[in-house]
Structure formats: C-alpha cells, structure tokens
Amino acid sequence: MKLIYQHMLSFLLIIITSVSIIGFTEIDYVRNQAYEQNFGRMESYGNAIGKLAVTEGSGKKETLDTTFLNQLQFILSAEHVHFRIFNTKNKQIYPQTTTTFKLPNNVYDSLKKGQEIRIRNNNQESAYMGQTKYAYTGVLMPWFSKQKLIGIIWIGSTVRNVERPITMAKKNLINALIITLVVGLILSLILAYYSTSKIKRLSRATEKVAAGDFDVQIEHKDHDEIDQLAANFNRMVRKLKKSNEEVKAQEERRDQFMADAAHEMRTPLTTINGILEGLQYDAIPEESKPKSIALMRRETKRLIRLVNKNLDYEKIRNNQIMLIKTNFDACKVLHDLQTQLEQNAKKANDQLILDVPAKLPIYADHDRFTQIMVNLIQNAIQFTHDGKITIKGRRLLHACELQVTDNGIGMSPEQTKYIFERFFKADPSRARLGKGESGLGLSIVSSLIKQHGGKISVKSNPKEGSTFTVIIYDKGYEQFVAKEND
C-alpha cells in the first residue's frame with residue numbers, strides 16, 4: 001500500500017474512532033437523561049395521584065372513583081402514559097380485569113417497606129410487572145397515610161416514546177459521522193499529499209545520489225521531522241561528495257605514485273641488467289668492474305628502500321607493529337640526528353639548528369620516535385635550499401612538543417590538506433625516490449604518532465616554509481588527544 005493511502009487510512013481511523021467514542025458517550029448520556037427525566041415525571045404523576053388517594057382514605061369525599069381514573073387515563077394516554085393501582089392486599093383494582101393480577105411477593109414486600117422501584121423496561125425486567133404488548137418504563141410507588149400502606153401505583157410510559165430523543169441523537173451522530181468522514185477524507189488527502197510529497201523528493205534525491213550525482217540538495221524550511229531528515233540528507237550528500245573527491249584524489253595520487261615507482265624501479269633495474277650483461281660477456285673493463293658493482297649495490301639499495309617503505313606503511317597502518325614505550329631523554333636522540341643528517345643538510349647548503357633544553361623527557365618507542373624525527377627532518381631538508389631548518393623541543397603539561405621548522409618552498413592550503421595521506425607529493429616534479437620523496441614518509445609519520453596516542457599538525461605558506469608540530473603525551477595521558485579528536 002502506498003504511503004499516501006496509509007496516511008489517509010490512519011487519519012480516517014482516528015476520525016472514526018474519535019467520533020464513535022464521543023458519539024456513544026453522548027448517546028449514553030442522552031439515554032440516561034431521558035430515563036431520569038421520565039422517572040421524575042412518572043414520580044410526580046404518582047405523587048399527585050397518591051395525594052388524592054390519601055385524601056380519600058381519610059374519609060373525605062371519594063376522588064379516585066373509576067370514572068375519574070378513566071378520565072385521567074384518557075388524558076395521560078395522549079402522552080403514552082398508563083398506570084395501574086393495587087390495594088393493600090396486592091390486588092389490582094384499576095384497571096379492572098377478569099383475571100386477578102398480583103405483584104410478586106418480594107416486590108410487594110419491598111413496597112410495603114416504603115421502597116420505590118424504578119423499571120427501565122418491563123419486558124426485560126419481567127420479574128416486576130410481567131410482559132406487555134409494548135415495552136414500558138416507569139415506577140412502582142407505595143402510598144402511605146399515617147405510616148400505613150393504603151395502596152400501590154405503577155405508572156409508566158412506553159420505552160419507544162422515552163427513547164425518541166435517543167433515536168434522534170443516533171441519527172444526528174450518523175449524519176455527523178458522514179460529514180466528518182467526507183471532510184476528514186479531503187483534509188487527510190491534503191495532509192497526506194503534503195507529507196508524501198516531501199518523502200517523494202527525498203526518494204528522487206536518493207536515486208540521484210545512488211546514480212553518482214552528489215550535487216543534489218533538497219530545499220526545506222525546518223518545520224517538521226521530514227525537514228530535519230532533509231537537512232541531514234543534505235549534510236550526508238555534502239560529506240559523500242567530499243569523501244568521493246578525496247577518494248578520487250587518493251586514486252590519482254596512487255596512480256601517479258605507481259607510475260613514478262615504475263619509472264624509478266625501471267631505471268635501477270635497467271642499470272643493473274646492463275651491468276650484469278656487461279659482466280656476462282666481458283664487455284666491462286677489469287678496472288671498471290668495482291665501480292660497476294658499487295653502482296649495482298646503490299641501485300639495489302634504492303629498490304630495497306622503496307619496498308621497505310611500502311611494507312612499513314602497511315604494517316603501521318594495520319597495527320602490525322608493537323610499540324615498546326619507555327621514558328627516555330629526547331635530547332640525546334635529537335643531537336645524534338643533528339650529527340647524522342648534517343651532511344645531507346650541507347649538500348643543500350642548509351643550516352641545521354637544534355633548539356632544545358638540557359633534558360627533554362619523553363614517553364615513546366625509542367626506535368619509532370627516531371624514525372618520526374628522521375622523516376620530518378629529511379622532508380625539511382629536501383624542500384629547503386640555502387636556508388635554515390630548526391628543530392625545537394619543549395615540555396608541556398603531561399606532554400612533549402617537538403617542532404621542525406624550515407624556510408623552504410612551503411605549501412598551499414590545498415597541499416597541507418592532503419600532506420599526511422599516502423602517495424601524496426607536495427612537489428611531484430621533484431620526485432626522487434632514492435632521497436625519500438616517495439609519498440609515504442609523512443603518512444608513516446602520521447600513523448606512528450597516532451599509534452603513540454599523540455597528534456601532528458602543519459602550518460605552511462608558499463615560499464615561506466613549513467612548521468610541523470608533534471605532541472606526544474606522557475604515560476596515562478593519551479586519552480587527552482582522544483577527547484580532542486572526538
């Protein structure tokens with residue numbers, strides 16, 4: 001069943017249920033009121049006739065003779081009211097019949113005690129008055145004079161006459177129900193169409209997104225939950241578009257990396273193959289053989305470095321390495337790295353400056369920390385010529401902060417956005433796999449720092465240089481960065 005019909009059906013069921021409950025409650029109220037009013041009217045008639053009976057019983061002029069009662073019955077018949085009178089011996093004395101009719105003994109005993117009995121339907125409550133051709137509702141009332149029973153009257157009206165307003169109320173209820181259903185059907189159609197039209201727009205937009213169109217945006221006014229759903233849908237599509245763009249960019253970088261890797265691997269493999277063929281056919285002079293073998297070793301090492309970096313990245317990314325964290329002095333590691341990398345810096349005519357305190361306690365894996373800093377410093381050397389590279393370190397509250405700052409070529413905001421992603425190269429034209437520009441170094445750094453429970457950030461401007469900031473937390477305080485990331 002379509003949603004619009006479900007909405008209409010639900011609206012109609014609510015309307016029918018509400019009208020039925022209200023209608024039946026109202027009918028029950030009208031019925032009770034009708035019977036209460038009838039009982040009150042019968043009691044007033046019975047009391048009036050009883051006063052005449054009391055007067056007669058006191059020895060005064062006879063008032064309840066047969067002629068008077070016949071005239072009274074004739075008048076009351078116009079209102080569908082009839083009555084019967086019983087004497088103190090429980091014998092019906094009016095109207096006179098050929099058969100003797102008496103009230104049941106238990107009913108008579110109750111009346112003798114002064115109790116009044118109300119009968120809603122004598123055909124249903126035949127134990128009181130027996131059944132008649134027409135159903136009657138009325139009262140049985142005892143007459144007393146000086147606390148002495150002088151007679152009993154049953155006076156009642158036809159049930160059909162009493163329930164006439166109830167019948168009218170039922171007809172009005174049916175008319176109201178029909179009118180309400182018609183109006184409700186129209187309103188439910190309008191409301192259902194209004195709701196389902198929004199859902200249809202969402203459905204059409206979802207189909208477009210499924211087809212690959214991430215530029216879909218749904219207009220909404222924040223009136224209801226469907227509008228909120230539309231707003232959430234718009235946010236989802238924007239994130240999907242952004243994610244899709246990042247995936248495409250990642251694919252492009254991967255393809256570029258594979259092309260670069262294939263090119264760089266082809267060069268040393270071609271060199272090695274040429275030297276091997278020369279050795280095989282004695283095409284290389286004896287004095288040149290050591291130089292050729294040394295060249296093969298260098299080219300082989302280049303290939304090994306490339307393969308190892310890929311393997312390292314995959315292990316780090318899949319949490320397949322075990323970090324052995326200890327407390328140690330980072331200053332010693334940084335001084336050693338300054339000495340080891342000084343020659344690389346001099347080749348680019350760079351000045352390597354170390355700005356650290358006398359002691360710099362840090363809680364990390366010693367070897368992986370060294371790997372992090374080597375990658376960051378070599379990255380700075382690679383993109384800085386005739387400049388300065390400053391390595392700073394300081395203690396924070398429950399953490400150690402390290403910065404590598406250079407005044408090299410710098411990066412644009414778009415480049416810094418993807419700098420820690422795999423295969424990304426800030427300057428593809430300067431790709432030199434043998435010198436570290438493989439697109440994996442900073443990805444490895446980022447993954448290692450995350451496994452340490454730390455964080456890394458970069459600030460950079462084109463032609464002004466870059467600053468990489470690393471924060472590694474002390475033991476037990478790694479949750480700080482987790483909360484910040486949340």
Side-chain angles (χ1 to χ4, degrees), residues 246-247 249-258 260-261 264 305-319 321 323 333-334 337 341 344-345 348 350 352 364-365 367-384 387 389-393 401-462 464-472 481 485:
E246 290 177 354
V247 168
Q250 183 79 354
E251 290 292 327
E252 291 176 359
R253 289 193 295 274
R254 186 191 66 180
D255 293 341
Q256 183 63 42
F257 169 79
M258 295 304 295
D260 292 343
E264 291 297 329
R305 281 198 297 270
L306 177 62
V307 173
N308 286 341
K309 278 204 170 185
N310 274 282
L311 291 175
D312 281 350
Y313 179 80
E314 289 299 327
K315 287 180 180 179
I316 294 168
R317 189 170 66 92
N318 295 319
N319 294 323
I321 63 167
L323 297 180
V333 177
L334 296 176
L337 290 179
L341 299 175
N344 288 344
D350 292 333
L352 203 58
D365 183 293
D367 293 337
R368 296 301 175 177
F369 171 74
T370 303
Q371 185 179 2
I372 290 170
M373 298 309 299
V374 166
N375 275 284
L376 290 176
I377 298 169
Q378 284 186 338
N379 182 75
I381 293 171
Q382 183 177 351
F383 293 101
T384 306
I389 298 169
T390 305
I391 306 163
K392 292 183 179 180
E401 180 186 80
L402 298 123
Q403 286 186 338
V404 178
T405 303
D406 64 68
N407 56 357
I409 63 173
M411 292 178 288
S412 66
E414 185 67 20
Q415 289 174 320
T416 58
K417 183 179 179 181
Y418 299 106
I419 191 65
F420 297 112
E421 294 191 12
R422 191 183 184 188
F423 310 129
F424 182 80
K425 298 177 184 179
D427 187 3
S429 64
R430 295 167 56 104
R432 293 175 295 175
L433 291 174
K435 296 187 179 180
E437 175 63 304
S438 62
L440 289 172
L442 292 178
S443 298
I444 293 173
V445 168
S446 178
S447 297
L448 284 173
I449 291 172
K450 286 180 181 178
Q451 289 199 35
H452 275 82
K455 59 182 181 179
I456 184 171
S457 60
V458 59
K459 291 182 179 179
S460 183
N461 290 308
E464 294 182 7
S466 305
T467 298
F468 287 84
T469 302
V470 175
I471 296 178
I472 297 179
V481 70
N485 291 335

If I take atom [atom1] from residue [X] and atom [atom2] from residue [Y], how far apart are they, to the nearest 0.5 angstrom?
| X | Y | atom1 | atom2 | value |
| --- | --- | --- | --- | --- |
| Gln451 | Ser447 | CD | OG | 7.0 Å |
| Ile372 | Arg368 | CD1 | CZ | 9.0 Å |
| Thr405 | Leu376 | OG1 | CG | 10.5 Å |
| Asp406 | Thr390 | CG | OG1 | 9.0 Å |
| Lys459 | Thr467 | NZ | OG1 | 8.0 Å |
| Ile389 | Asn344 | CD1 | CG | 10.0 Å |

Quick check: closest heavy atoms across [X] and [Y], and the distance to 0.1 Å?
| X | Y | answer |
| --- | --- | --- |
| Ser460 | Gly465 | OG-O, 3.1 Å |
| Lys455 | Ile449 | N-CG2, 3.3 Å |
| Gly387 | Asn407 | CA-OD1, 3.4 Å |
| Ala380 | Val404 | CB-CG1, 4.0 Å |

Exercise. Checking side chain to side chain contact (heavy atoms under 4.5 Å, CB included) against Phe369, which of Val470, Leu448, Leu402 comes through?
Worked result: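 When Val470, Leu448, Leu402 are each tested with Phe369, the side chain to side chain contact (heavy atoms under 4.5 Å, CB included) holds only for Leu402.
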
Problem set entry | Flag, side chain of Asn379 to backbone of Asn375, donor-acceptor distance under 3.5 Å |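 No, the answer is negative, given that no donor and acceptor are paired below the 3.5 Å cut-off.
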
For this session: Answer yes or no: is there a donor N or O on one side and an acceptor on the other, between the side chain of Thr416 and the main chain of Pro413, under 3.5 Å?
Result: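 Confirmed, Thr416 side chain pairs with Pro413 backbone.
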
For this session: Any chance you could lay out the side-chain contact (heavy atoms from CB on, under 4.5 Å) test for Gln371 and Ile444, step after step, and finish with the verdict?
Result: CA-CA 9 Å; Gln371 185 179 2; Ile444 293 173; 3.7 Å; yes

Taking the side chain as every heavy atom from C-beta outward, state whether [X] and [Y] have any pair of such atoms under 4.5 Å apart.
| X | Y | value |
| --- | --- | --- |
| Ile391 | Met373 | yes |
| Leu352 | Ile377 | yes |
| Phe468 | Leu442 | yes |

